[in-house]
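First comes the structure, then the notes that go with it.
In what follows, chains are A, B, ... by sequence order, proteins preceding strands, each numbered from 1.
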Amino acid sequence: MEFTMGSLIDEAETGEQPLDPKPLHSLAPMFPTPPGYDVAISDPPFFYITPIQQHPGPGAASFAGPPPQQHPGPAPASSAGPSPGPGSAVPLKATPISAAFPARRPKEELSDEDYTPASEKRKPSSSSPKRTAKKVRQAGDSTAVNTKQRPIRRSLSKELAGWPSTSDNPREAVEATMAMFDSLRRRTLQLDEKEGLGRRADLKASVLMNQNNLKINSLKTIGPVPGVEIGDIFFYRIEMCIVGLHAPSMAGIDYLSAKLAGRDESLAVSIISSGGYENVEDETDTLVYTGQGGNSRRKDKEKHDQKLEKGNLALSNSASKKNQIRVVRSARDPFSITAGKVYIYDGVYRIEDSWMDTAKSGFSVFKYRLRREPGQPDGFSVWKMTDKWKANRATRENAMVLDLSSGAEILPVCLVNEVDGERGPSHFKYVTGVKHSRPLSRNRPLHHCECTSVCMPGDPNCSCARQNGGDLPYNLDGVLARHVPMLYECSRDCHCTKDCRNRVAQRGVQLNFEVFRTRDRGWGLRSWDPIRAGAFVCEYAGQVMDETNMSMDVQEDEYTFRTTCPNDKAVRWNLGAELLEEKGADDATAERFKRLPVVISAKDAGNVARFINHSCSPNLLWQAVQYDHTDNSYPHIMFFAMKHIPPMTELTYDYGIRGAPPGIKGKSPLACKLRPCLCGSANCRGSF
DNA sequence: GACACATCAGTTGG
DNA sequence: CCCAACTGATGTGT
């Protein structure tokens with residue numbers, strides 16, 4: 001959060017850093033929404049936030065149609081609806097997104113109405129709890145007959161009118177697509193868990209993306225995929241399908257068939273090395289990859305020799321053709337309870353050797369040695385470094401302090417400077433929580449539930465779920481399902497245990513942080529661990545001030561947190577979740593995100609959050625959280641990841657337009673002192 | 001607990 | 001239409 005005026009580092013110095021944190025990686029724009037929004041007042045049940053259209057973004061000219069690369073030919077057979085006519089560039093020609101979730105709330109007739117395919121007689125008994133992808137597909141196919149525009153569909157196309165296209169800004173399109181997928185996935189999981197069918201929300205979200213033509217880069221290409229950067233991480237195989245990095249949902253080898261390649265032989269385009277075979281992946285610039293097949297996990301299938309067909313044949317063709325092959329490596333997700341994997345895009349490689357070998361099973365396999373193309377940014381090698389540091393913190397180069405928190409945090413906070421001669425930040429006391437300067441109003445008793453062991457989604461007796469609008473705010477994996485105006489975690493008066501899923505932020509920081517010297521923005525914060533979208537990052541700790549009594553001097557302090565009203569990017573984080581709602585006027589509307597009087601100063605005392613810099617395209621959002629008192633004007637300010645954040649990526653949030661007097665949102669910025677913004681993102685507002 | 005293993009429900013494209 | 005594919009979540013046993 002430190003801001004250093006006019007001390008730009010010489011460019012020459014920047015090339016030699018052993019670690020290139022790739023600032024653009026995290027600072028790329030997410031949504032082309034103008035810095036404003038409007039709360040829709042018409043059709044309230046169907047849409048909530050509408051981008052202001054008077055200032056169309058650069059992508060507006062291309063309208064809302066699917067990205068040009070998409071479906072250049074006939075639509076895939078699986079969704080064989082006729083392609084939209086020239087005038088109907090609306091991407092959501094298929095089933096309304098809500099249709100995938102019929103009978104969620106049987107009371108609402110809208111769901112049935114919307115869901116039932118026109119060609120099918122509506123059956124009131126469609127409330128079968130099982131919502132399969134097949135159902136969705138049927139609905140999608142038949143909507144071709146259904147020309148009537150339903151409100152929900154209109155709202156969807158409105159929502160997505162500003163949707164970035166790959167031709168406009170590929171990075172933006174990838175980030176928006178990833179954000180949409182994970183928002184759909186988190187909300188789907190949250191709703192499914194309530195009904196006890198919380199399985200494969202990733203696949204369900206993928207089907208929704210497919211139905212609504214939201215997948216991008218679906219034309220297979222050799223070499224880099226537009227908008228996907230080296231080092232990008234994925235928590236599901238299907239995420240890589242959706243952005244066009246790797247098309248097969250399970251198979252490790254993606255290839256162009258001879259026909260698609262326009263050649264007489266197929267060519268491999270992408271491989272995933274994720275531990276299923278006996279690959280050699282210790283080196284960061286070479287990889288010995290095993291061909292596919294013969295390795296079935298199923299008991300009823302016996303193992304056999306690999307055959308020179310499909311992916312193996314394509315890899316062998318590529319061995320002589322020497323074309324670029326994208327490589328995705330994998331690692332264990334350190335925070336997954338269920339041995340989940342993280343997939344890391346590591347750039348392009350070429351095959352330099354291939355041979356046949358005998359696997360441990362005794363059957364013959366194909367082997368391919370690939371070498372990474374030189375000159376590419378760091379990808380998987382960053383993981384190797386952070387693994388080493390986590391195993392032994394003393395191996396961190398240029399570390400000035402091994403634990404800035406002096407033991408206050410569960411995990412030490414490293415302080416490093418690889419940029420200049422600064423010895424460290426000015427003195428402050430490290431504290432992990434907030435201190436209030438005046439007593440909080442205690443006019444209400446602390447909320448609490450009677451759950452005996454842990455709170456379970458769908459339990460109508462859990463008063464904490466009720467307090468949160470009926471949903472437990474976190475999924476089983478501990479990620480925030482939706483951004484909400486106020487989140488209520490279980491309190492000390494709750495009867496549930498400390499490992500209840502509704503106690504996440506109160507448990508404190510679980511990441512290996514480092515405070516590091518940026519090139520031009522003072523100190524910054526990043527993590528040695530990967531952080532998935534929705535994961536808790538840290539609280540903004542410090543002294544809680546009373547806004548009304550604050551002087552202008554204090555307001556200008558660079559170590560001050562104040563809320564802005566509201567953070568439109570954070571509100572947009574729920575986009576996918578909102579599209580799932582059959583009714584949602586009372587859900588995440590911008591109107592409900594009010595500016596809060598809470599102001600926190602971390603000047604004299606604070607935690608890692610005081611080092612988080614501003615960005616106009618941030619990777620964190622703040623979420624108001626309550627659990628230890630009842631004064632909703634002064635909640636805890638908790639940061640959560642807005643997207644998947646690879647290790648060593650700077651963490652940022654949107655400070656908002658600072659200094660604007662309360663109640664005047666985004667107006668008269670000249671009336672207050674603004675600082676120039678150096679975030680470097682395409683949507684940079686220039687100051688904050 | 002951490003892990004290995006089995007099973008089950010799924011998508012995708014050849 | 002069928003099937004294989006380096007899935008992912010859950011359950012069982014060590």
* Give a yes/no on whether any side-chain N or O of S266(A) is located under 4.0 angstrom from OP1 or OP2 of dG14(B). => no
* Name the closest nucleotide to the M250(A) side chain, picking from dT11(B), dG10(B), dG14(B). => dG10(B)
* To do: Report yes if at least one side-chain N or O of Y236(A) is closer than 4.0 Å to OP1 or OP2 of dA9(C); otherwise report no.
  => yes
* Asked: Between atom OH in Y343(A) and atom C1' in dG8(C), what is the gap in whole Å?
  -> 8 Å
* Asked: Does any donor atom in the side chain of K367(A) or S354(A) lie under 3.5 Å from an acceptor atom in the other side chain?
  -> no
* To do: Whole angstrom is fine here: how far is it from CD1 in I272(A) over to P in dG13(B)?
  => 13 Å
* Asked: S206(A) side chain: which of dT12(B), dA9(C), dG14(B) is closest?
  -> dT12(B)
* Asked: Between dT11(B), dA9(C), dC6(C), which one does the side chain of T338(A) approach most closely?
  -> dA9(C)
* Does L203(A) or R332(A) map to a spot on DNA chain B nearer the 5' end, using the closest nucleotide for each? -> R332(A)
* **Nearest listed nucleotide, side chain of S274(A), among dG13(B), dA9(C), dT7(C)** => dT7(C)
* Asked: Rounded to the nearest Å, what distance is computed from the CZ atom of residue F235(A) to the C1' atom of nucleotide dA9(C)?
  -> 17 Å
* Structure fact -> Tightest non-hydrogen contact, residues R482(A) and D471(A), listed as NH2-OD2, 3.5 Å
* Structure fact -> Rounded to whole Å, the OH-C1' distance (Y368(A) to dC6(C)) equals 15 Å
* Under a 3.5 Å limit for both distances, which nucleotide forms a Watson-Crick or G-U wobble pair with dC3(B), could you say? => dG13(C)
* State whether the number of non-hydrogen atoms from other residues, nucleotides or ligands found under 6.0 Å of K220(A) atom NZ is greater than 12. => yes
* Aromatic ring pairing W573(A)/H483(A), orientation class (parallel under 30°, perpendicular over 60°, tilted between) -> perpendicular
* **Donor-acceptor contact below 3.5 Å, side chain D254(A) vs main chain V269(A)** => no
* Indicate whether OP1 or OP2 belonging to dT12(B) is found under 4.0 Å from a side-chain N or O atom of K215(A). => yes
* **Pair R187(A), N574(A): side-chain N/O donor-acceptor within cut-off below 3.5 Å** => no
* Rounded to whole angstroms, how far apart are CD1 on I242(A) and C1' on dT7(C)? -> 14 Å
* Asked: E239(A) has an atom CD; how far is it from atom P of dT7(C), in whole Å?
  -> 14 Å
* Could you tell me whether S273(A) contacts a base, only the sugar-phosphate backbone, or nothing, with contacts defined as non-hydrogen atoms closer than 4.0 Å? => base
* To do: Hunt down the Watson-Crick or G-U wobble partner of dG10(B), both distances under 3.5 Å, from any strand shown, or write none.
  => none
* Asked: Looking for any heavy atom pair under 4.0 Å, which part of the strands does K259(A) touch: base, sugar-phosphate only, or nothing?
  -> nothing
* Asked: Can you tell me how far P of dC3(C) sits from NZ of K307(A), to the nearest Å?
  -> 13 Å
* Report yes if at least one side-chain N or O of S249(A) is closer than 4.0 Å to OP1 or OP2 of dG10(B); otherwise report no. => no
* Greater than 12 external heavy atoms within 6.0 Å of K322(A)'s NZ -> yes
* Any donor-acceptor N/O pair under 3.5 Å between dT7(C) base and R200(A) side chain -> yes
* Spacing between Y255(A) atom OH and dA5(C) atom P, to the nearest angstrom -> 11 Å
* To do: Can you figure out which of dG8(C), dC6(C), dT11(B) approaches the side chain of D202(A) most closely?
  => dG8(C)
* Taking only side-chain nitrogens and oxygens of N295(A), does any of them come within less than 4.0 Å of OP1 or OP2 of dA4(C)? -> no
* Contact class for G340(A) vs. all strands (heavy atom < 4.0 Å): base, sugar-phosphate, or nothing? -> nothing
* Asked: According to a strict under-4.0 Å criterion, is K204(A) in side-chain N/O contact with OP1 or OP2 of dG10(B)?
  -> no
* First of G275(A) and R185(A) reached from the 5' end of DNA chain C, by closest nucleotide -> G275(A)
